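Note that these values count all heavy atoms, side chains included, but never hydrogens, waters or copies made by symmetry. Numbers for residues simply follow the sequence, beginning at 1. All values reported here derive from a predicted model rather than from experimental measurement.
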Amino acid sequence: MDSAVNVDVEGGFLQKIGGFGIYQKILCVVVVGTINGLCALSLATQLFSLVTPDHWCWNSDVAALEEQLPLTRENTKKFSIPVVPTGHLPWTADASLLSFSQCQRYDGDLVGAYVSWVAAKKPASYIPVTPENEKYPVRGCDQGWIFNHTFHTLTSENNWVCNFKWKAYTLHTAFWLGASVGVCVCGHIANSCGRRISLIVGMLLCFLGGAATLLASGVLLLFISRFVVGLGHLTTSYLALLLVLEFCDEKYRVFPLFIMMMAHTTATLMSPWIAHVVTSWWWLTLVPTTLSATIFIMLTRVLCGLCYHGNYYTSLNLVTTALGRRSNPSDIFVSYWYAALMEIPIWILPFILQSHIKIYQVVLTVSLMCAAILSICYAILPTGYIILSLTLGLMTRFAVTVAYYTMVQRRWERINIFDKISTANTESPLVLAVAIVPGIVYMGEYYSQLPSLIFGIIASIAAVTSLFLPEYMVIFKEVYQYDSLQRLRIVLFRKHRRPFTSSAENQSEDAIHVASTVPYNPLESS
């Protein structure tokens with residue numbers, strides 16, 4: 001998955017497994033469908049967050065009058081807001097197309113204007129006059145605006161209207177400037193380091209830019225954050241498609257494109273309803289930001305590590321949760337000690353897996369499923385079940401530890417010794433992902449069992465995903481040549497690679513093609 005190797009279909013890898021088998025179909029849905037759906041949702045978020053709702057000037061005197069009488073908003077505008085043309089082109093404008101001004105209001109004694117408006121029997125269009133029969137003067141919205149909306153946008157929140165409307169368009173420009181720069185930058189990363197690495201970088205940029213948007217204040221910081229989101233927008237969409245096309249026979253390559261189109265349209269159809277439910281640009285931006293973080297974590301092979309290190313935090317409160325009381329140092333120490341005891345029987349795991357390589361996948365999937373079920377049951381267990389609560393918590397630690405060290409052994413037994421010297425490529429993604437663990441645990445300050453529920457959901461995602469990952473060293477027995485695979489990885493990870501050409505006459509060469517074209521397990525953790 002990290003390498004862009006040309007696969008010769010005749011006598012090569014694709015002929016052995018089929019040009020569009022179950023694995024390619026799963027890649028289409030999981031990789032192309034998910035990422036392109038996310039990109040469509042991210043674009044909708046960009047558009048919806050900067051929509052300008054209908055608005056008009058706010059005035060403290062009119063607001064007090066409106067509250068005391070009371071008056072409807074529409075009637076209030078009739079004696080306090082001037083009427084202006086709607087802004088159509090001169091040759092298309094209709095004299096009857098008038099609306100209340102969005103940037104001006106009447107000045108002067110508006111209470112008197114209201115009395116005159118009532119005396120005139122509340123006409124639909126009213127121009128107040130002074131006692132000297134002069135029209136009321138007009139002034140700008142110096143006291144702010146009232147917005148008529150059911151969805152709160154960045155534009156309405158920051159009053160980017162009238163003389164400040166250019167600010168919203170600046171953020172749109174920043175997004176697409178970032179997209180154009182990202183195509184070049186991530187394209188260079190894809191050529192140098194592989195498409196999966198470039199895809200990871202793109203998803204990380206989408207997450208960081210989205211998180212910065214949620215926290216930023218001021219046009220400059222928002223400009224930078226939307227630029228960062230744009231860096232990964234187009235890149236992730238097309239890299240996901242290209243990545244899957246490499247594994248499909250030429251005559252089947254129409255299907256990934258079809259999935260791309262379908263996912264984009266489906267997410268676009270869902271976006272307005274999501275915005276209608278969340279009612280705010282902030283919550284709408286949180287959705288693609290969270291999804292970007294989730295996909296980034298999955299691509300960087302850290303789900304097991306995330307659950308394992310997260311369990312270290314949740315295990316601190318095993319005793320206090322079971323007894324239903326406030327935590328104290330003694331209970332925390334006892335809980336931590338009990339949880340560590342559960343890891344002792346797992347010491348024999350490396351020797352079992354070393355003798356039975358074929359059960360790696362079974363052990364991984366089963367342990368993740370057990371961890372998910374146990375963690376969710378622990379989270380939803382009512383208070384008062386002391387023994388059951390402790391048992392579920394400790395068994396969760398056992399299951400997630402088995403899954404974590406299974407991943408560690410699978411990964412480190414298959415890489416070259418030179419890769420083991422540097423941990424930059426193996427440890428950095430895990431540490432970055434685990435950095436979000438304290439934030440998840442912090443939710444427990446409000447709902448004590450919420451962290452366990454979240455880690456259980458993460459484990460369930462990891463378990464389901466692991467069911468669809470190919471164990472090519474087991475499935476293709478005839479190409480199981482460990483030393484060749486190790487040597488090949490050193491060659492493929494060099495900056496300047498020479499494309500391989502498959503030969504039907506050389507079985508070992510076919511083995512190299514299989515190893516180089518099947519992506520690494522995206523759940524692997526270091």
Side-chain angles (χ1 to χ4, degrees), residues 1-4 26-47 49 172 174-214 224-248 253 256-268 270-271 274 284-303 429 432-433 461 465 519-520 522-523:
M1 198 166 182
D2 288 299
S3 57
I26 292 169
L27 280 181
C28 280
V29 176
V30 175
V31 178
V32 178
T34 303
I35 292 180
N36 277 277
L38 172 62
C39 289
L41 180 59
S42 180
L43 177 58
T45 299
Q46 172 74 19
L47 297 175
S49 297
H172 283 298
F175 180 82
W176 291 111
L177 282 176
S180 30
V181 173
V183 169
C184 300
V185 174
C186 292
H188 177 72
I189 295 175
N191 292 333
S192 303
C193 306
R195 290 190 178 125
R196 188 179 70 86
I197 297 298
S198 184
L199 192 59
I200 290 173
V201 171
M203 296 311 306
L204 178 61
L205 290 172
C206 290
F207 164 66
L208 294 178
T213 302
L214 297 174
I224 296 172
S225 62
R226 297 320 295 171
F227 179 86
V228 173
V229 173
L231 286 173
H233 178 69
L234 289 178
T235 301
T236 53
S237 175
Y238 286 103
L239 274 180
L241 177 64
L242 292 174
L243 201 60
V244 175
L245 287 177
E246 287 187 338
F247 302 103
C248 299
R253 289 181 178 178
L257 180 59
F258 168 74
I259 295 296
M260 176 183 182
M261 297 169 62
M262 186 174 68
H264 197 280
T265 303
T266 302
T268 302
M270 294 172 58
S271 299
I274 296 175
L284 182 62
T285 304
L286 183 64
V287 175
T289 302
T290 305
L291 292 176
S292 298
T294 302
I295 296 175
F296 168 75
I297 290 173
M298 294 179 68
L299 289 173
T300 48
R301 312 184 271 240
V302 294
L303 286 181
L432 184 61
I461 294 173
T465 307
Y520 298 109
L523 288 174

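The closest side-chain heavy-atom distance from C206 to S42 is not below 4.5 Å.
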Donor-acceptor contacts, no H, no angles, side chain residues 237-244, under 3.5 Å, sequence neighbours left out:
residue	atom	partner	partner atom	Å
S237	OG	N36	OD1	2.6

What pairs of donor and acceptor atoms, side-chain ones from residues 227-234 against any protein atom, are under 3.5 angstrom apart with sequence neighbours left out?
none

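S225 meets the side-chain contact (heavy atoms from CB on, under 4.5 Å) test with A212, T213, L222; sequence neighbours excluded. Legend: residues meeting side-chain contact (heavy atoms from CB on, under 4.5 Å) with L286, ordered by chain and number and at least two apart, are L214, W282, W283, T290. Listed by chain and number, the residues in a ring pair (Phe, Tyr, Trp, His ring centres under 6.0 Å) with F207 amount to none (sequence neighbours excluded). For the side-chain contact (heavy atoms from CB on, under 4.5 Å) test, residues two or more places apart in sequence or in another chain that qualify with M262 are F258, I259, T266. Listed by chain and residue number, A40 satisfy the side-chain contact (heavy atoms from CB on, under 4.5 Å) test with A267 (two or more places apart in sequence, or in another chain).
Closest non-hydrogen pair, G210 versus T289, comes out as CA-OG1, 3.3 Å. Summarising the geometry of L245 relative to R253, their closest heavy-atom pair is O-NE, 3.4 Å, with the distance given to 0.1 Å. Across C248 and P256, no two heavy atoms sit closer than the pair SG-CG, 4.0 Å.
Side-chain N or O atoms of T45 include none that pairs as donor or acceptor with a backbone N or O of T285 at under 3.5 Å.
The distance from the OG1 atom of T268 to the CG atom of L47 is 9.5 Å, given to the nearest 0.5 Å. From H264, atom NE2 reaches atom CG of L41 across 10.0 Å, with rounding to the nearest 0.5 Å. Taking CG of L38 as the reference point, atom OG1 of T236 lies at 7.0 Å (rounded to 0.5 Å). Atom-to-atom distance recorded for L291:CG and M203:CE is 8.0 Å, nearest 0.5 angstrom. From T265, atom OG1 reaches atom CE of M261 across 6.5 Å, with rounding to the nearest 0.5 Å. Between L284 atom CG and Q46 atom CD the span is 11.0 Å, to the nearest 0.5 Å.
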